[in-house]
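Keep in mind it's a predicted model, so treat the numbers as computed, not measured.
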Amino acid sequence: MGHLVPLSSKLPHSQRDKHKSGQLQLYTPNDNLNYALGAIRVLGLELIEGELKPHLNTVLTNIKEKKKGAAEQVVISGILPILSLSLRSRGPLGLLTAKLVAELAKESVVRKGFADAGLVTALLSVLTSTDQELLLHTASAISRMSYDSSKHQELLLRRGAVPRLVAILLQFPDKEELEEACLRALCNISGMSIAEEAGMLWQRGASVRPGESVFHGVSPHTCFFSTVTLVRVSQWGPGQYAVSIEAFQRCSSSFWNLHGNKQTARWFPFFSLGSCSNLYKGIKFSTRNIPRTKSLRTRVFHTFL
């Protein structure tokens with residue numbers, strides 16, 4: 001077994017005062033974290049549970065506690081391919097690895113390297129599991145990594161993430177936390193950028209079509225307006241799903257009273273709001289009658305397993 005070498009990094013003096021999201025920052029190395037990362041790098045290919053588990057837990061603790069420089073140390077360590085291998089192996093370290101990857105996905109400086117490390121396809125392979133806790137962390141990781149990355153969105157669409165997430169939604173209808181993670185992932189893959197911090201509350205809605213499941217999430221903004229995301233899902237064949245995602249703005253009764261408007265309608269698609277339409281993104285996906293001129297994202301969204 002090789003020696004465990006502490007990891008460290010120095011930035012040029014000209015970069016020390018730059019504090020930009022998604023860039024490596026100057027930090028004081030954490031010796032415990034350095035040792036754990038070095039151990040994972042040396043032992044990782046063997047995936048020995050007893051030896052790797054404490055080191056994975058050390059990294060997870062540092063990331064969850066947002067220790068200064070922890071995310072940068074993970075990037076420099078080069079352990080992401082090891083985590084990808086652990087997820088693919090479906091071994092006893094799978095759940096712990098999924099938890100760690102989900103936490104790492106919160107850090108932009110780390111998640112931008114997920115695709116090159118093979119973590120996108122590794123996470124998708126886990127979505128066929130029946131372990132609900134494993135699925136929860138995996139869906140959360142997918143939601144976070146696709147939040148602000150068109151590269152990850154396109155890759156997830158190409159690799160069939162949508163039908164797998166929909167299958168989980170329909171398979172576990174009573175698991176609210178898992179349901180919310182899958183819905184956020186679907187919305188973020190479609191490019192709608194719904195952050196967990198937005199506090200969106202998801203509920204199942206009534207459907208007027210047989211076999212259709214409806215979900216709506218409300219994210220309040222001001223005392224007058226709130227954002228509503230409507231997701232419709234239906235299955236019309238083995239592994240074939242129709243998915244529709246739309247964004248609306250809901251006006252409160254206070255708004256109408258303030259403007260002396262007697263209208264009873266309270267729901268408006270963003271694209272009909274004129275000057276407000278540039279502030280939000282309204283996207284609708286359907287599996288029927290898709291023109292050949294549609295964008296790659298729209299077309300791949302309807303590629304089924």
Side-chain angles (χ1 to χ4, degrees), residues 1-2 4 7 30 32-67 70-147 149 152 155-156 159-161 164-165 168 172 175 177-178 181-182 184-185 188-189 196:
M1 181 169 60
L4 304 182
L7 304 166
N30 179 322
N32 289 335
L33 179 58
N34 267 342
Y35 185 83
L37 292 169
I40 294 171
R41 191 173 58 180
V42 172
L43 302 171
L45 293 177
E46 300 178 16
L47 296 178
I48 302 175
E49 180 187 10
E51 295 185 30
L52 272 179
K53 188 173 181 178
H55 300 303
L56 291 172
N57 276 318
T58 296
V59 179
L60 178 60
T61 299
N62 277 266
I63 293 298
K64 290 183 72 172
E65 295 178 356
K66 297 189 178 297
K67 293 292 181 66
E72 288 80 2
Q73 286 180 263
V74 170
V75 173
I76 294 168
S77 72
I79 68 164
L80 294 185
I82 302 297
L83 301 182
S84 174
L85 178 63
S86 177
L87 287 174
R88 291 179 184 277
S89 71
R90 299 295 187 91
L93 292 172
L95 178 57
L96 178 56
T97 303
K99 290 180 180 179
L100 176 55
V101 172
E103 288 298 321
L104 290 172
K106 294 179 179 179
E107 304 290 341
S108 61
V109 71
V110 183
R111 65 174 178 258
K112 67 182 183 181
F114 275 17
D116 294 337
L119 275 170
V120 175
T121 51
L123 287 166
L124 290 177
S125 70
V126 177
L127 290 181
T128 57
S129 171
T130 57
D131 185 320
Q132 294 176 30
E133 187 177 2
L134 180 60
L135 291 173
L136 171 61
H137 294 295
T138 302
S140 296
I142 291 174
S143 172
R144 293 163 184 166
M145 68 185 291
S146 58
Y147 171 73
S149 172
H152 287 151
L155 184 55
L156 287 163
R159 298 290 184 175
R164 299 187 194 196
L165 289 167
I168 295 171
F172 302 103
K175 303 300 178 181
E177 195 173 1
L178 177 57
C182 289
R184 278 196 307 270
N188 287 341
I189 290 173
E196 294 176 55

Enquirer: Under the 3.5 angstrom rule, does the side chain of S84 hit a backbone N or O of L80 as a donor-acceptor pair?
Expert: no

Enquirer: Taking atom CD of E65 and atom CG of L60, what is their separation to the nearest 0.5 Å?
Expert: 9.5 Å

Enquirer: Taking all heavy atoms of A98 and all of L87, pick out the closest pair and write down the distance.
Expert: N-CD2, 3.9 Å

Enquirer: Using only atom types and a distance under 3.5 Å, with no angle test, would you say the side chain of H55 pairs donor to acceptor with the backbone of A39?
Expert: no

Enquirer: Given side chains that start at C-beta, do those of L83 and L56 come closer than 4.5 Å, heavy atoms only?
Expert: yes

Enquirer: Please report the shortest heavy-atom distance between L136 and A181, naming the atom on each side.
Expert: CD1-CB, 3.9 Å

Enquirer: Rounded to the nearest 0.5 Å, what separates atom CG in L33 from atom OG1 in T58?
Expert: 8.0 Å

Enquirer: Determine whether R90 and L134 make a side-chain contact, defined as any pair of heavy atoms from C-beta on separated by less than 4.5 Å.
Expert: no

Enquirer: Check whether any side-chain N or O of R111 sits under 3.5 Å from a backbone N or O of L104 as a donor-acceptor pair, and report yes or no.
Expert: no

Enquirer: If you look at every heavy atom in L135 and S129, which pair is closest and at what distance?
Expert: CD1-O, 3.4 Å

Enquirer: At what distance, to the nearest 0.5 angstrom, does CZ of F114 lie from CG of L123?
Expert: 7.0 Å

Enquirer: Report the C-alpha separation of L156 and R164 in whole Å, then their side-chain angles, then the decisive distance to 0.1 Å, and conclude whether the side chain to side chain contact (heavy atoms under 4.5 Å, CB included) test is met.
Expert: CA-CA 11 Å; L156 287 163; R164 299 187 194 196; over 6 Å; no

Enquirer: Walk me through it: do E107 and K66 pass the test side chain to side chain contact (heavy atoms under 4.5 Å, CB included)?
Expert: CA-CA 10 Å; E107 304 290 341; K66 297 189 178 297; 3.6 Å; yes

Enquirer: Taking everything shown except E177 itself, do over 12 heavy atoms lie less than 6.0 Å from its CD?
Expert: no

Enquirer: Is there a donor-acceptor pair closer than 3.5 Å between any side-chain N or O of S86 and the backbone N or O of I82?
Expert: no

Enquirer: Locate the shortest heavy-atom distance separating V110 from A71; write the atom from each residue and the value.
Expert: CG2-O, 3.6 Å

Enquirer: Decide yes or no for E103 and H137: does some side-chain heavy atom of the first lie under 4.5 Å from some side-chain heavy atom of the second?
Expert: no

Enquirer: What heavy-atom pair brings L124 and A161 nearest, and what distance separates the two atoms?
Expert: CD2-CB, 3.5 Å

Enquirer: Can you see whether T121 engages R88 through a side-chain donor-acceptor pair at a distance of less than 3.5 angstrom?
Expert: yes

Enquirer: Report yes if the side chains of V59 and N62 come closer than 4.5 Å at any heavy-atom pair, otherwise no.
Expert: no

Enquirer: Are any side-chain N or O atoms of T61 and backbone N or O atoms of N57, one a donor and one an acceptor, separated by less than 3.5 Å?
Expert: yes

Enquirer: What's the spacing between K99 NZ and S140 OG if we round to 0.5 Å?
Expert: 12.0 Å

Enquirer: Tell me if a side-chain donor or acceptor on R41 pairs with a main-chain N or O of G78 at a distance below 3.5 Å.
Expert: no

Enquirer: In Å, rounded to the nearest 0.5 Å, how long is the span from CD1 of I189 to CD1 of I142?
Expert: 6.0 Å

Enquirer: Side chain to side chain contact (heavy atoms under 4.5 Å, CB included), that's the test. Do Q73 and L37 meet it? Break it down for me.
Expert: CA-CA 8 Å; Q73 286 180 263; L37 292 169; 3.9 Å; yes

Enquirer: Is a side-chain donor or acceptor of S77 paired with a backbone partner of V74 at a separation under 3.5 angstrom?
Expert: yes

Enquirer: What verdict does the side chain to side chain contact (heavy atoms under 4.5 Å, CB included) test give for I48 and L43, after you've listed the backbone C-alpha separation in whole Å, the side-chain angles of each residue and the deciding distance to 0.1 Å?
Expert: CA-CA 7 Å; I48 302 175; L43 302 171; 5.8 Å; no

Enquirer: Would you sort out whether R144 and E196 count as a salt bridge (charged side-chain N to carboxylate O under 4.0 Å, His left out), showing the intermediate values?
Expert: CA-CA 8 Å; R144 293 163 184 166; E196 294 176 55; 2.4 Å; yes

Enquirer: Could you pull out the closest heavy-atom pair between F172 and T130, with the gap in Å?
Expert: CZ-O, 4.0 Å

